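All residue numbers in this chain count up from 1 along the given sequence. Just so it is clear, the model here is predicted, and its values are computed rather than measured.
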Amino acid sequence: MAHDLTKERGSQTELDSFHTGQSYIVDELPPGRVDEEQVKQVIRTIAELILRIIPVRLLNTRDGKIYTGAALKKKFEESDKFRSLLVLITTESTLEQKLFIREVVRNFFAYVMLSHRWEDDELAFENLKGASVYDLPTSRFHKVRGFCRQAARWGFDWAWVDTCCIDQKSSSDVQESISTMFSWYRKSALTIIYLSDVTTSSIQALLRSQWFRRGWTLQELLAAKVIQLYKKDWSPFYPHAPFNHKDVPEILDALQSATGIEKKYLKDYLPSVECPRMKLTWARHRATKKKEDEAYCLIGIFGLTMSVRYGEGDKAFSRLLVQIMRHADDATLLDWVGQPSSMNSCLPSSPRYFMDVPFKMLHAVPEAHHHSAMSFPFAAKLVYVLKGATRRARNSSHVHRDNNANQEPRGDETSAAIQAPQIMRRRSSQSPLAQLLENPPRPYILTAEIHITVPCFVHEVQSLFFERGTNSYVCHANGIQQFSLFTSEDLRICVIGHHSPSGYLLVRPWDPRLCHALNTYHSGLSLLRQRLATPFFAMLLERSNRGRFRRIPTDRRIVARLESLPSLTYEVRLLDLQ
């Protein structure tokens, strides 16, 4: 949408210089007067600008036919509004009032969008080539006819329906429509929500509607500034409500209850990659007819662009996640349970595998922040203030290693078989945990081959066996309390005492929230150790032959805990997941 606005501003600059760039024979006109062709050219230029940012095709609510490109411009030039502008604008001063011209043209092309759930037999683009929705009597056209009639009652000449205003046989048409659909809904004068399974004006009936279970309707609800709800018979859900149903408190409460989305986002949502995991959970209970649409219906919500490739399956959602991860350093995107993507085992294959909230790190963040993930840039700013204190501490005293009897073995001893680079170069006066405070890593690093490098605290799995009574694996990793693991995969059994590595690692991904609000070096280091000692979300990894690792899919979240307080030598390593 921002791109469209920039384009519009650039074109506006062209308009501002339009008048000075023309030469006319002024001897035939009185001073200050303009001829009709000058007026027409300015109006046409403004109309072309507006046509660039509205849907490519529109249904005319009066005659029921589809118009596109030149046909839309011709329809405008045949209108009373176009002729009125020609009569009103006779001087250079009035011609320069381009805002007035723009408003008249914009009002002419004001359009209404339909938000609905696709059913078995929908009206398609090829059904309307040269035909009118009002002339075709079959029941297939009932929905579109009712929509056009309702839009016309509100005084709008133009309407858009995804079923018949997109040429599904044209890949370029599909690509453009999906890429700009959020913007189209945002710029619409009204979005009509058709609830084909609601017959009564009750909140209970509204909450049961399948409209809330479709993927594309999430984007449509968030993008539209003005909405109206209609029942199956095309009667208004609230007959005496204001024009915008988002202004009705009872309806807004119902929308929040049905979607789990806060009212502030329902009222005025701005596309961004902020709080990505929260936004992905908005779609976890929604279904799409095509697997790829699980990703495509979320593109506009995040304000991203990506190519549309029907037939790629769950790779579409993986590509969307990679796009999000390139803009948002949010460690909670790794916290999911379910089937991995075929592109990378570190990524889920669907938004439904994100649980309601990310795992809470006990005492890691203030209570007010338990449900939100802090991005790496913000964490880095907080940690920046520690650098001066850290340097002063190193100059004034030596950082001693923890000699506790229960001290965990050194990181390089617990993970000797892991061939992976360390996060940073060690300094003789600084422990690995202290380095994390001064220079915390990003929660993940993306590569061109869609390999994801994740900084992790690493623990070698020492024993793993299947327990039939619980239908789970009992796992023990070095330095970790024994825990149960639920997975549908058949894992290799290993027992304590064998000298060869098990092939499995239990890892804790680094989370920048661990560094939140650590104000001084010494107290910060102590608090970081306490936070690391609390239960945490973990991943089970399997070594591959190429030095990379595969994440083992689980049916439940792995929650692990250290056997004792971590030592100062507890360190983060970079692991390459594929």
Euclidean distance, [Y] [atom2] relative to [X] [atom1], rounded to 0.5 Å:
X	Y	atom1	atom2	result
Leu128	Leu59	CG	CG	6.5 Å
Leu577	Thr453	CG	OG1	8.0 Å
Leu347	Asp314	CG	CG	10.0 Å
Asn60	Asp63	CG	CG	4.0 Å
Arg44	Glu77	CZ	CD	4.0 Å
Leu221	Thr191	CG	OG1	9.5 Å

Could you tell me which residues satisfy side-chain hydrogen bond (donor to acceptor under 3.5 Å, both in side chains) with [X], sequence neighbours excluded, listed by chain and number?
X	value
Glu489	Arg550
Arg83	Asp80
Lys290	none

Verify whether one side chain among [X] and [Y] offers a donor that lies under 3.5 Å from an acceptor in the other.
X	Y	answer
Asp293	Tyr310	yes
Ser188	Lys225	no
Gln175	Ser179	yes
Ser201	Lys231	yes
Arg286	Thr217	yes

Which heavy-atom pair separates [X] from [Y] by the least distance, and what is that distance?
X	Y	answer
Ser345	Pro340	O-CB, 3.6 Å
Leu266	Lys246	O-NZ, 2.6 Å
Pro443	Asp330	CG-N, 4.1 Å
Phe147	Ala159	CE2-CB, 3.4 Å
Phe317	Pro348	CD2-O, 3.5 Å
Phe354	Ser350	CD1-O, 4.5 Å

request  = Applying side-chain hydrogen bond (donor to acceptor under 3.5 Å, both in side chains), run through Gln228 and Tyr238 and close with a yes or a no.
outcome  = CA-CA 9 Å; Gln228 288 185 2; Tyr238 263 32; over 6 Å; no
inquiry  = Is there a side chain to side chain contact (heavy atoms under 4.5 Å, CB included) between Lys40 and Phe82? Walk through the geometry before answering.
reply    = CA-CA 9 Å; Lys40 284 182 178 179; Phe82 183 81; 3.9 Å; yes
ask   = NZ of Lys289: more than 12 outside heavy atoms within 6.0 angstrom?
value = yes
key: Flag if over 12 foreign heavy atoms under 6.0 Å of NZ, Lys81   = yes
query = So which of Thr163, Asp162, Thr288 actually passes side chain to side chain donor-acceptor pair (under 3.5 Å) with Trp118?
reply = Asp162
task = Please report the C-alpha distance between Thr554 and Arg556 in whole Å, then the side-chain angles of each, then the deciding distance to 0.1 Å, and finally whether the side-chain hydrogen bond (donor to acceptor under 3.5 Å, both in side chains) criterion is met.
result = CA-CA 5 Å; Thr554 58; Arg556 301 183 191 177; over 6 Å; no
Below 4.5 Å, heavy atoms only, C-beta onward: do [X] and [Y] meet side chain to side chain?
X	Y	value
Phe182	Pro271	yes
Met113	Leu190	no
His116	Ile193	no
Ile43	Leu86	yes
Val454	Ile445	no

task = Walk me through it: do Tyr194 and Tyr230 pass the test ring-ring contact (aromatic ring centres under 6.0 Å, His included)?
result = CA-CA 5 Å; Tyr194 179 61; Tyr230 285 84; 8.4 Å; no
ask   = Charged N to carboxylate O below 4.0 Å: is that the case for Lys291 and Glu312?
value = no
ask   = Salt bridge check: are Arg33 and Glu92 linked by an N-O gap of less than 4.0 Å?
value = no
inquiry  = Taking the six-membered ring of Trp336 as reference, does the cationic atom of Arg551 (NZ for Lys, CZ for Arg) lie under 6.0 Å from its centre and within 45° of its axis?
reply    = yes
key: Face-on cation placement of Arg186 at Tyr269 ring, 6.0 Å and 45° thresholds   = no
request  = Could you walk me through whether Ser115 and Trp216 pass side-chain hydrogen bond (donor to acceptor under 3.5 Å, both in side chains), step by step?
outcome  = CA-CA 9 Å; Ser115 177; Trp216 286 103; over 6 Å; no
request  = Give the ring-plane orientation class for Trp158 versus Tyr67, where under 30° counts as parallel, over 60° as perpendicular and anything between as tilted.
outcome  = perpendicular
task = For the residue pair Trp160 and Tyr185, categorise the inter-ring angle as parallel (less than 30°), tilted (30 to 60°) or perpendicular (more than 60°).
result = perpendicular
task = Start with the C-alpha gap between Lys75 and Asp157, add the side-chain angles, then the distance that decides, and say whether salt bridge (charged side-chain N to carboxylate O under 4.0 Å, His left out) holds.
result = CA-CA 11 Å; Lys75 194 73 173 176; Asp157 291 341; over 6 Å; no
query = Can you list the steps and then say if Lys187 with Ser183 is a side-chain hydrogen bond (donor to acceptor under 3.5 Å, both in side chains)?
reply = CA-CA 6 Å; Lys187 291 182 174 72; Ser183 176; 2.6 Å; yes
task = Decide yes or no on ring-ring contact (aromatic ring centres under 6.0 Å, His included) for Phe156 and Tyr111, but give the supporting numbers first.
result = CA-CA 6 Å; Phe156 296 103; Tyr111 60 92; 9.2 Å; no
inquiry  = Checking Glu122 against Lys143 for the side chain to side chain contact (heavy atoms under 4.5 Å, CB included) test, could you report, in this order, the C-alpha distance in whole Å, the side-chain angles of both residues, the deciding distance, and whether it holds?
reply    = CA-CA 9 Å; Glu122 293 286 351; Lys143 183 192 298 185; 2.7 Å; yes
request  = Could you go through the side chain to side chain contact (heavy atoms under 4.5 Å, CB included) check for Val357 and Thr332 one step at a time?
outcome  = CA-CA 9 Å; Val357 293; Thr332 64; over 6 Å; no
key: Tyr265 ring center within less than 6.0 Å of Trp282 ring center   = yes
key: Worked check of side chain to side chain contact (heavy atoms under 4.5 Å, CB included) between Leu206 and Trp211   = CA-CA 9 Å; Leu206 175 62; Trp211 183 85; over 6 Å; no
key: salt bridge (charged side-chain N to carboxylate O under 4.0 Å, His left out) assessment of Asp197 paired with Arg208   = CA-CA 9 Å; Asp197 54 355; Arg208 290 193 299 268; over 6 Å; no
request  = Spell out, as yes or no, whether a donor-acceptor pair under 3.5 Å connects the side chain of Ser177 to the backbone of Val174.
outcome  = no
